[in-house]
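What follows is a set of notes on a single structure, which appears directly below.
Here is the naming used below: chain letters follow the sequence lines, and residue numbers restart at 1 for every chain. The figures that follow rest on heavy atoms only: side chains count, while hydrogens, waters and symmetry mates do not.
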Amino acid sequence: MNFKCISDLKSNLSTEYNIDPGLIDIVPELCPRDQGMDLTVNCFRLARQFKSNPVDLAKKVVDFLNSHSETEDVECVKAFVNITLTAKALYRDTVAVEQAILDDGLIPASDQEKILIEFSAPNTNKPQHLGHIRNNVLGRALCALFSRVGHDVTAVNLVNDRGIHICKSMLAYQRFGANKSPSDSDKKGDHFVGDFYVKFEREFQKQLDKIREENASLHDQSNQALFLNTEIGKAARELLVSWEKGDREVMSLWKLMNSWVLEGFNQTYERMGIQFDHTYFESDTYKLGKTLVLDGLEDGIFNLTADGAVEIDLTDVGLDKKVVLRKDGTTVYITQDIGTTFQKYSDHAPDRMLWIVGDEQIYHFKVLFAILQKMTLTCSDNLMHIPYGMVNLPGGKMKSREGTVVDADNLFDEMAELAHASTTERCRSSIPENIEERAEKIGMGAVKFMLLKVNAKTTLTFDPEASIKFEGDTGPYVQYAYARIASILRKFERENNNSNRKIDWEKLDSKEEKFVALQCARYGAVLKKSAADCDPAYLANYLLDLTKNFNRFYKNHSVLSAKNGSLKITRLELCKRVQIVLKDGLSVLGIETLEAM
RNA sequence: GCCUCGGUAGCUCAGCUGGAUAGAGCAAUAGCCUUCUAAGCUAUGGGUCACAGGUUCGAAUCCUGUCCGGGGUACCA
């Protein structure tokens with residue numbers, strides 16, 4: 001939003017108060033709807049910059065703007081200066097230049113960075129659920145957002161493909177799998193493997209119950225503590241040992257099962273519109289972590305504990321001591337992150353590295369960053385963990401044991417089905433040919449928007465009953481506005497009334513039209529703030545606002561039956577601006593637009 | 001215990017670099033389809049912004065304390 005009268009005000013005040021104009025920042029806000037004017041300059045806030053009394057300053061601002069040729073009306077309430085602009089100035093400074101609306105979202109070249117973002121990071125033992133979708137959708141949106149404002153973004157996945165959890169599903173497959181493959185059962189590979197993980201857990205639980213029954217003294221011990229007391233737990237551990245030794249048969253099963261899972265994940269990623277520039281595998285990087293730690297031990301960054309484990313003392317930076325290699329020499333969770341991070345740095349040399357990982361790992365990342373700093377990773381001052389909250393169900397957490405996990409693929413299917421039913425209902429007489437495609441876009445739009453409109457860090461509640469609607473603050477609501485505009489444009493073309501009328505913005509004199517224009521002009525600033533705050537929700541909520549304003553305009557002013565050709569053409573132009581912003585904004589959120597709904 | 005994030009309408013959430021009478025959506029109620037798609041629009045009701053202090057001309061927003069909830073505090077991942 002760059003209004004001439006505001007920049008003139010800035011020069012005027014800088015002279016008046018003898019302050020360098022570069023130090024003055026006047027950001028006008030949209031005037032609250034019920035005030036009926038266009039812009040507001042908040043002199044309470046502005047007064048601080050001039051170390052002046054808000055009311056006195058407001059008086060000066062009013063005097064200046066009153067005499068400005070581009071204002072129609074200026075009012076002062078307390079120290080809020082409300083401005084009504086001339087139509088000419090308003091549209092010139094908001095929507096007249098299409099490209100300017102989009103370009104306003106770009107940050108200066110000097111602020112552009114090379115950013116590496118790691119997200120998704122799935123385990124290859126079971127299919128992804130709603131919690132993972134939140135991660136994926138958020139990560140994808142942040143990548144698009146950073147890239148949209150001008151950063152150079154590299155998206156990276158880290159596949160968690162080794163460890164005891166992987167061995168559990170492998171063991172169950174060995175016992176119950178009968179050498180079948182996903183294609184035999186017509187299942188996606190990740191679901192196929194996940195079923196064996198569940199089988200393992202069931203068998204383990206059965207054995208646990210038996211052990212506890214037979215030995216009352218074990219009653220109070222946790223499942224994990226009793227893991228090796230069970231036959232199947234012991235067997236899984238042995239499998240892990242064989243894996244680490246590189247046993248040929250075990251490795252080949254591991255590779256086979258992982259390939260099934262990854263094939264399944266790829267389908268899900270594709271459906272979500274997610275691509276990675278690089279995929280790392282923990283099975284490749286954990287050894288590098290160990291090597292780096294051993295080097296660091298020689299350099300005195302790490303030290304040996306009495307029983308032979310390797311640890312680092314972080315008490316000088318307000319954290320605790322942290323073990324990075326067990327006394328038996330095996331790596332722990334954080335060790336592979338150390339290895340992966342150095343690997344990522346040497347592959348891509350980013351200015352900044354981000355991790356999209358759940359908020360339960362905030363402490364983990366604090367420790368990781370402190371370690372990397374001590375190991376003097378080049379960009380260790382620019383490491384950021386972007387935490388997000390869990391997705392709960394109305395009854396509480398999702399629990400796989402109780403079967404209350406919202407499976408990603410199922411959810412997508414259900415949403416698409418509902419969108420399909422809804423479209424069929426609406427179109428009764430003429431079911432569109434591309435109904436499947438439409439239903440998919442609408443269903444996915446609904447899921448993604450639902451996850452992105454809420455601030456990432458809040459723990460969100462997913463109510464399957466309520467969240468499945470396509471009305472109100474939803475993705476389809478925004479998509480629908482886009483489709484309506486597309487429909488207007490089509491009809492206009494069909495009627496072929498391309499009279500040589502000129503665009504005349506001054507014809508748009510209603511408050512609905514002005515609000516739409518003003519709202520469009522905010523887009524660039526919204527993108528920049530959204531990116532700076534790493535918060536796609538801000539953008540999502542803006543798109544809802546813009547859509548709401550557009551719908552009010554749509555309801556009150558017909559485009560195609562406008563009084564005269566010039567008005568029609570100009571309203572059409574305004575619609576195009578809205579359409580462009582909606583498409584651009586939705587695409588950042590990973591949501592597709594439809595030409596008809 | 002300590003650390004951390006939260007508590008805003010019946011429900012789900014905005015608002016939080018202090019500023020106008022606290023906003024949306026859902027749900028409820030009442031309207032609007034011979035006019036560009038009603039997945040829409042309009043209206044009504046609904047709030048001691050957890051509680052108590054403090055700072056300020058002004059606090060949902062900042063500070064302190066209390067209560068309640070999530071998460072963390074592993075040689076688990």
Rounded to the Å, how far apart are A:His557 NE2 and B:C41 C1'? 12 Å
Base, sugar-phosphate alone, or nothing: which one does A:Arg438 contact when heavy atoms must sit under 4.0 Å apart? nothing
Which nucleotide in the set B:U21, B:C41, B:C26 lies at the smallest distance from any side-chain heavy atom of A:Glu471? B:C26
Look at all strands and tell whether A:Thr423 reaches a base, only sugar-phosphate, or nothing, counting heavy atoms closer than 4.0 Å. base
Would you please test A:Glu573 and A:Lys576 for salt bridge (charged side-chain N to carboxylate O under 4.0 Å, His left out) and show each step? CA-CA 5 Å; A:Glu573 208 63 21; A:Lys576 285 188 197 165; 3.7 Å; yes
Proximal nucleotide (of B:G71, B:U37, B:A20) relative to the A:Met390 side chain: B:G71
Integer-rounded Å distance: B:G40 P and A:Met597 CE: 9 Å
Choosing from B:A77, B:C13, B:U35, which nucleotide comes nearest the side chain of A:Thr458? B:C13
With a non-hydrogen cut-off below 4.0 angstrom, is A:Asp328 in contact with a base, only sugar-phosphate, or nothing? nothing
Watson-Crick or G-U wobble partner of B:G58, both distances under 3.5 Å: none
Apply salt bridge (charged side-chain N to carboxylate O under 4.0 Å, His left out) to residues A:Lys322 and A:Glu311 and explain how you reach the verdict. CA-CA 5 Å; A:Lys322 174 72 189 172; A:Glu311 70 169 13; over 6 Å; no
Distance check needed: B:G19 C1' versus A:Glu29 CD, whole Å only. 9 Å
Mapping A:Pro476 and A:Arg33 onto RNA chain B by nearest heavy atom, which one lands closer to the 5' end? A:Pro476
Heavy atoms under 4.0 Å, any strand shown: does A:Ile442 hit a base, just sugar-phosphate, or nothing? base
B:G10 and B:U73, which share atom name P, separated by this distance in whole Å: 36 Å
Does A:Asn82 get its side chain close enough to the base of B:A20, under 3.5 Å, for a donor-acceptor pair? yes
Suppose you measure atom P in B:G58 against the same atom in B:G18; what distance do you get, rounded to whole Å? 15 Å
Pairwise C1' distance for B:G7 and B:A14, with rounding to whole Å: 15 Å
Kindly give the heavy-atom pair with the smallest separation between A:Ser120 and A:Asn135, and that separation in Å. N-OD1, 2.8 Å
A:Asp34 side chain, from C-beta outward: closest of B:A77, B:C75, B:U21: B:U21
A:Pro476 and A:Gly445 have their tightest heavy-atom pair at CD-C, 4.4 Å
Residue pair A:Lys397/A:Glu595 against RNA chain B: nearer the 5' end by closest nucleotide is A:Glu595
Which one is paired to B:U73, where only Watson-Crick or G-U wobble pairs with both distances under 3.5 angstrom count? B:G1
C1' gap between B:U66 and B:A77, integer Å: 36 Å
For atom P, what is the distance between B:G70 and B:U8, given to the nearest Å? 15 Å
Classify A:Ala596 by what it touches in the nucleic acid, base, sugar-phosphate, or nothing, heavy-atom distance under 4.0 Å. base
Under 4.0 Å, heavy atoms only, any strand: does A:Ala481 hit a base, just the sugar-phosphate, or nothing? nothing
Would you call the rings of A:Trp243 and A:Trp254 parallel, tilted or perpendicular, taking 30° and 60° as the class edges? perpendicular
Which nucleotide, B:C32, B:A20, B:A77, lies nearest any side-chain atom of A:Lys555? B:C32
Mind checking the P distance from B:A50 to B:A9? Whole angstroms is fine. 8 Å
According to the Watson-Crick and G-U wobble definitions, with both distances under 3.5 Å, which nucleotide is paired to B:C51? B:G65
Closest contact, heavy atoms only, A:Thr285 versus A:Leu158: OG1-CD1, 4.4 Å
Please report the distance, rounded to the nearest Å, between CG in A:Asn42 and P in B:G58. 17 Å
Need the glycosidic conformation of B:C33: syn if within 90° of 0, anti if not. Which one? syn
How would you label the contact of A:Thr474 with the nucleic acid (heavy atoms, under 4.0 Å): base, sugar-phosphate, or nothing? nothing
Kindly give the heavy-atom pair with the smallest separation between A:Cys31 and A:Phe515, and that separation in Å. O-CE2, 4.2 Å
Side chain of A:Asn556, base of B:C41: donor and acceptor closer than 3.5 Å? no
With sugar-phosphate meaning primed atoms plus P, OP1 and OP2, does A:Lys78 contact a base, only sugar-phosphate, or nothing at under 4.0 Å between heavy atoms? sugar-phosphate
Determine the Euclidean distance between corresponding C1' atoms of B:A30 and B:G46; express it in Å to zero decimal places. 16 Å
Does A:Gln361 reach a base, just sugar-phosphate, or nothing at all? Heavy atoms under 4.0 Å. base
Counting side-chain heavy atoms from C-beta on, which of B:A14, B:A20, B:G40 comes nearest to A:Phe80? B:A20
Across the strands shown, which category fits A:Pro32 at heavy-atom distances under 4.0 angstrom: base, sugar-phosphate, nothing? base
How is A:Ser558 classified with respect to the nucleic acid when contacts are heavy atoms under 4.0 Å: base, sugar-phosphate, or nothing? base
With salt bridge (charged side-chain N to carboxylate O under 4.0 Å, His left out) as the criterion, how do A:Lys126 and A:Asp190 come out once you've worked through the C-alpha distance, each side chain's angles and the decisive distance to 0.1 Å? CA-CA 6 Å; A:Lys126 51 177 191 259; A:Asp190 48 343; over 6 Å; no
Would you mind reading off the distance between A:Met37 atom CE and B:A20 atom C1', rounded to a whole angstrom? 14 Å
Of the nucleotides B:A20, B:A24, B:C36, which has the atom closest to the A:Val77 side chain? B:A20
Using Watson-Crick geometry (N1-N3 plus N6-O4 or O6-N4) or G-U wobble (N1-O2, O6-N3), each under 3.5 Å, B:G25 is paired with B:C11
Between B:A77, B:U21, B:C75, which nucleotide gets closest to the side-chain atoms of A:Gln35? B:U21
Out of B:G25, B:U37, B:U73, which has the shortest distance to the side chain of A:Tyr363? B:U73
Nucleotide B:C57, atom P - distance to CG of A:Asn53 in whole Å: 12 Å
Mind telling me whether A:His132 and A:His129 have parallel, tilted or perpendicular rings, with 30° and 60° as the class edges? tilted
Between C1' on B:A24 and NZ on A:Lys469, what's the gap in Å once rounded to a whole number? 16 Å
Between P of B:A20 and CG of A:Leu39, the distance in whole Å: 18 Å
Which one, B:C41, B:A14, B:C36, comes nearest to the side chain of A:Val454? B:A14
Students often get this wrong, so: under 4.0 angstrom with heavy atoms, is A:Lys548 touching a base, only sugar-phosphate, or nothing? sugar-phosphate
Say we look at B:U21 and B:C49: how far apart would their P atoms be, to the nearest angstrom? 15 Å
Kindly give the heavy-atom pair with the smallest separation between A:His385 and A:Val357, and that separation in Å. NE2-O, 2.8 Å
